[in-house]
There are 4 protein chains.
Amino acid sequence: MSVNKVILVGNVGKDPEVRYFENDRAVANFPLATTERGFTTSSGQQIPERTEWHNLAVWGGLAKVVESYVKKGTQLYIEGKLRTRSWDDKDGNKRYTTEVIVENLQMLGRKSDNPSSTGQAANTGTSAAPQNQQPVSSPPQQSPTQYSNNDSNEGSPEEDDLPF
Amino acid sequence: MSVNKVILVGNVGKDPEVRYFENDRAVANFPLATTERGFTTSSGQQIPERTEWHNLAVWGGLAKVVESYVKKGTQLYIEGKLRTRSWDDKDGNKRYTTEVIVENLQMLGRKSDNPSSTGQAANTGTSAAPQNQQPVSSPPQQSPTQYSNNDSNEGSPEEDDLPF
Amino acid sequence: MSVNKVILVGNVGKDPEVRYFENDRAVANFPLATTERGFTTSSGQQIPERTEWHNLAVWGGLAKVVESYVKKGTQLYIEGKLRTRSWDDKDGNKRYTTEVIVENLQMLGRKSDNPSSTGQAANTGTSAAPQNQQPVSSPPQQSPTQYSNNDSNEGSPEEDDLPF
Amino acid sequence: MSVNKVILVGNVGKDPEVRYFENDRAVANFPLATTERGFTTSSGQQIPERTEWHNLAVWGGLAKVVESYVKKGTQLYIEGKLRTRSWDDKDGNKRYTTEVIVENLQMLGRKSDNPSSTGQAANTGTSAAPQNQQPVSSPPQQSPTQYSNNDSNEGSPEEDDLPF
DNA sequence: TTTT
DNA sequence: TTTT
């Protein structure tokens, strides 16, 4: 009945904060920046570049990957869903925060950018690609840059356990 | 350098509010609900269904389409980007609101669901479909269910003109 | 290191064919049509509407959902990945077929469009929606319109068991 | 009425071939590899890593960007749509080829990976990010790594002019 | 082969 | 505030 999907490619704004809860459950929180290029409208107006900051929350096993490999400046591809939480501020006002609950995460860039990597060169394959057809290839190995949360119980429910 | 993309399928929570500005520029604002099904975790915990509400903002020509065809209850597919705006509340606190700036919108459901439609019958093409291959077809016309904002100056810049 | 994602909203071209294998493993295959509207280029050229046909393959539990609820004409949202298979034709030429392996599927449209539905009424929640903010809602039950394959062993491996 | 969307992150398999047509219209064609990690099923079966090759076609201004900046090994994010073309082979059989018509393309990786770049460091921002809120930032510079085709007459129509 |  |  519904789809709630976010796809971001951007740079991590600061080192993730990772917190652990009962049952070894973890969350990593960090900001991710996406930047839209500036441009000139048809009417000649100059629109400057604009950076958007997204609050990411990464649960479970993925949080540990984040703890080990993601830091300020890292370029990431993430897939997730939107979640808005509410809380009461010191003045008794209802406040809202929108986060992206990350469900899939990829570290981008060449091997040499990922300290975690073995430094091996980027895969390009060597299979012949006859006349614009799709060869079915079989390649080498890969370093730890792809991760996914499919527990389906990530992110939401236990959030109520959290000291937000 | 960046990707900031949101894809939602959900139901409109109330009739859109459309506002017009100088130069016939328009915005439509309305809430869209997405609902995640409840489930039972592997440890037997019951997780209830959860509805997420998204604030949508639709600019330009798309806003007029929204004005004409979208209303409370309409099922929509939308594609857009995240935008967080800040403002100062009555207590002088900085407040943040996250919206989805809609760039592409599709009305879902059968014709009979869209009051706008003429209820006209359908179908075309008679090409054979041999062994799981993809024939290339060639068809007729279409009614108003697909719309896209590619002005590239939608949504952001003139936001500063707005009485938010 | 990689993302391979397809998102389609379209109509089912014919009733799915479902095949069962050992261990009660199932696949459903069917074509899905997406249609791009025709338009007129800036130079005045008329570009007609164009329909694209996609070969979908749905594995596992999702295949059974397809068997029960999806038929010719059904409007679907699907998420999946691209897969190109090769085979040798009668003339000894290598042939390629590209399919979309479905990982998530949603039936679109109102209840009345889904014969599977119980036609039951709806709605919940009474939370106020102050000034464009996102309330957090709390809900009931759901009918069979959302399904997902997260076995992670869907689609690919056992394909080798198949009589393609 | 329809959505036909592909999102890929992968590595370019060989240097793009760029062809020019009348009116300075260009296409770039090249293969992109995406790789799924291998895994072990719950029943203990070892599923090896698998690489999928996608045929990309990039039209118009984007093709020139590709010509200048994309080469074998480049890591790309692309967004596009599926297109299946048919042709008759030497034995008189109808053959089908599925391509991804690219509509948006991003070069990934650090500046230093993009020969086009000025070698400047990756942006991370320095704005404070109070209590998990979304600061509205104001950013630095950007190099030529984001490009989009929104002519809406890209890719399809003039394809008929082509010597495929 | 769908749907508009 | 939607929808199932």
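Naming: A, B, ... by sequence-line order, numbering from 1 per chain. These numbers come from a predicted model, not from an experiment. What's counted below: heavy atoms across the whole structure, side chains too, no hydrogens, waters or symmetry copies.
- Note that CZ of C:Arg95 is 7.5 Å distant from NZ of C:Lys90, once rounded to the nearest 0.5 Å.
- A parallel orientation is assigned to the rings of B:Phe21 and B:Trp59, their planes being inclined by less than 30° (bins at 30° and 60°).
- Between F:dT2, E:dT1, E:dT3, one nucleotide has an atom nearer to the side chain of B:Thr51 than all others, and that is F:dT2.
- The main-chain N or O of B:Lys72 is found under 3.5 Å from a side-chain atom of B:Asp15 such that the two form a donor-acceptor pair.
- Between A:Lys5 and C:Glu79 there is a salt bridge, with a side-chain nitrogen of the basic residue lying less than 4.0 Å from a carboxylate oxygen of the acidic one.
- Atom CG in C:Asn11 sits roughly 6 Å away from atom P in E:dT3 (whole-Å rounding).
- Here B:Gly10 lies out of heavy-atom contact (under 4.0 Å) with every strand.
- E:dT2 atom P lies 15 Å from atom CG of C:Leu76, rounded to whole Å.
- A distance cut-off of 5.5 Å between ring centres, combined with a plane angle under 30°, places C:Trp53 in a stacking arrangement with the base of E:dT1.
- Here E:dT2 presents its C1' atom at 15 Å from CD of B:Gln106, a figure rounded to the nearest Å.
- If you measure from atom CD of B:Glu52 to atom P of F:dT1, you get 18 Å, rounded to the nearest angstrom.
- When the nucleotides E:dT3, F:dT2, F:dT1 are ranked by their closest atom to the side chain of B:Ala33, F:dT2 comes out on top.
- Taking atom CD on C:Gln75 and atom P on E:dT2, their separation rounds to 15 Å, with Å as the unit.
- Atom pair B:His54:NE2 and F:dT1:P shows a separation of 19 Å (rounding to whole Å applied).
- OP1 or OP2 of F:dT2 sits under 4.0 Å from a side-chain N or O of B:Lys72.
- For the pair C:Leu108 CG and E:dT3 P, the computed distance is 14 Å after rounding to whole Å.
- When rounded to the nearest whole Å, the span between CD1 of C:Ile78 and P of E:dT3 equals 18 Å.
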